[in-house]
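Right, one structure below, let's go through it.
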Amino acid sequence: MPKKPGNLFIVSAPSGTGKTTLVQALTDTIPDLFVSVSHTTRPQRPSEEGGVNYHFVDRKTFDAMAGREQFLEYARVFDHYYGTSRVWVEEQLARGSDIILEIDWQGGRQIRSLMPGAIGIFILPPSYESLQKRLQARGDAPETVARRMRDATRELSHYAEYDYLVINDDLETALGQLADIIRGSAHAYRAQQAWFDEFVGKMLRDARDLQ
């Protein structure tokens with residue numbers, strides 16, 4: 001039996017919803033599931049490691065990569081640019097690995113135009129008030145919180161573009177729901193259409209030959 005390629009998952013959420021925590025827990029739970037490490041022009045934080053959290057590059061390097069079409073998608077978020085490596089993602093999928101892209105709705109829309117089989121998952125907060133409290137608890141300046149809340153409203157308005165919606169009210173419950181989506185998608189026709197078409201097509205051709 002030919003090996004199926006991996007699935008590409010787009011995971012989006014408003015800032016403060018717990019997306020990164022959930023995705024990290026997922027990769028610890030499910031073998032052969034990896035998170036794509038984006039390139040970004042934003043400054044590296046003291047707690048971050050280059051090549052692990054992000055590939056940190058300057059604007060000139062980023063623009064050159066975009067010009068050479070080395071990104072599957074890229075977008076400006078909070079005054080900085082983020083991009084997803086085309087070559088790395090395509091290589092991993094061909095090996096059968098599942099890949100998660102943590103990107104906003106703009107990037108998700110770009111990816112789906114190039115890869116219609118990509119599976120979109122949108123993570124929702126349990127309420128608007130809880131999202132505000134989570135952002136305030138980070139200790140950011142009030143104007144930063146206010147801007148992120150405005151951006152969250154814009155992000156939320158694109159929820160219907162996704163295949164699955166998960167409400168992160170309880171971390172363990174949300175994690176279980178995400179894991180079910182990841183595992184079940186290995187058998188989803190839309191996500192694996194080319195593979196299943198070839199697999200079933202061969203059986204039908206063999207059936208005709210044996211008649």
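If you read the sequence from its start, that first residue is 1, and numbering goes on from there. Computed from heavy atoms alone, side chains included, the values below leave out hydrogens, waters and symmetry copies. Just so we're clear, the structure is a prediction, and the values are computed from it rather than from any experiment.
With hydrogens and angles left out, the side-chain atoms of R148 and S15 include a donor and acceptor closer than 3.5 Å. Counted by atom type alone, D63 and Y81 present zero donor-acceptor pairs between their side chains at under 3.5 Å. For the residue pair E102 / T20, a side-chain donor-acceptor distance below 3.5 Å is found, with atom types taken as modelled.
Using a 4.5 Å heavy-atom cutoff, the side chains of V52 and V37 are not in contact. Taking the side chain as every heavy atom from C-beta outward, Y54 and Q44 never approach each other to under 4.5 Å. Between N53 and R45 the shortest side-chain heavy-atom distance does not fall below 4.5 Å.
In this structure, the separation between CG on L178 and CZ on R183 is 11.0 Å, given to the nearest 0.5 Å. One finds the CG atom of D104 at 5.5 Å from the CD atom of E155 (value rounded to the nearest 0.5 Å). Taking CZ from F71 and OG from S38, the interatomic distance works out to 9.0 Å, rounded to the nearest 0.5 Å. Distance OH/Y128 to CD/Q132: 6.5 Å, rounded to 0.5 Å. Of the inter-residue distances, the one linking Y82 atom OH with T40 atom OG1 reads 4.0 Å to the nearest 0.5 angstrom. Going from atom NZ of K133 over to atom CD of E129 covers 7.5 Å, rounded to the nearest 0.5 Å.
Minimum interatomic distance between S185 and A191 (heavy atoms only, all atoms of both residues): O-CB, 4.2 Å.
Under 4.0 Å is where a charged nitrogen must lie from a carboxylate oxygen, and between R147 and D79 at least one such pair does. Salt bridge annotation for R205-D209: absent, with no cationic side-chain nitrogen under 4.0 angstrom from a carboxylate oxygen. Looking at E48 and R42, a side-chain N of the basic residue comes within less than 4.0 Å of a carboxylate O on the acidic one, giving a salt bridge. Taking 4.0 Å as the cut-off between side-chain N and carboxylate O, E161 and R112 count as a salt-bridged pair.
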Next on the checklist: Does S85 form a side-chain contact (heavy atoms from CB on, under 4.5 Å) with Q70? I'd like the steps, not just the answer.
Outcome noted: CA-CA 6 Å; S85 169; Q70 291 181 324; over 6 Å; no
Item to check | Derivation of the side-chain contact (heavy atoms from CB on, under 4.5 Å) call for Q192 and K4 | outcome: CA-CA 8 Å; Q192 293 284 345; K4 279 191 289 189; 4.1 Å; yes
Checklist entry - Going through the distances and angles, do F56 and T41 end up as a side-chain contact (heavy atoms from CB on, under 4.5 Å)? => result CA-CA 6 Å; F56 296 97; T41 61; over 6 Å; no
Checklist entry - Does the pair D32 and R95 meet the rule for a side-chain contact (heavy atoms from CB on, under 4.5 Å), with working shown? => result CA-CA 10 Å; D32 216 22; R95 292 172 183 168; over 6 Å; no
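Grouping Ile, Leu, Val, Met, Phe, Trp and Tyr by side-chain contacts under 4.5 Å, direct or through others, puts W88 with L8, I10, F34, L72, V89, L93, I99, L101, I103, W105, I111, L114, M115, F122, L124, L156, Y159, Y162, L165, I167.
Distance alone, capped at 3.5 Å, places no donor-acceptor pair between the T61 side chain and the V57 backbone. For the pair S127 (side chain) and S130 (backbone), a donor-acceptor distance under 3.5 Å is present.
Exactly one of Q110, Q106, R86 qualifies for a side-chain contact (heavy atoms from CB on, under 4.5 Å) with E73. That residue is Q110. Shown are V23, N7, L26; of these, the side-chain contact (heavy atoms from CB on, under 4.5 Å) with L33 is made only by L26.
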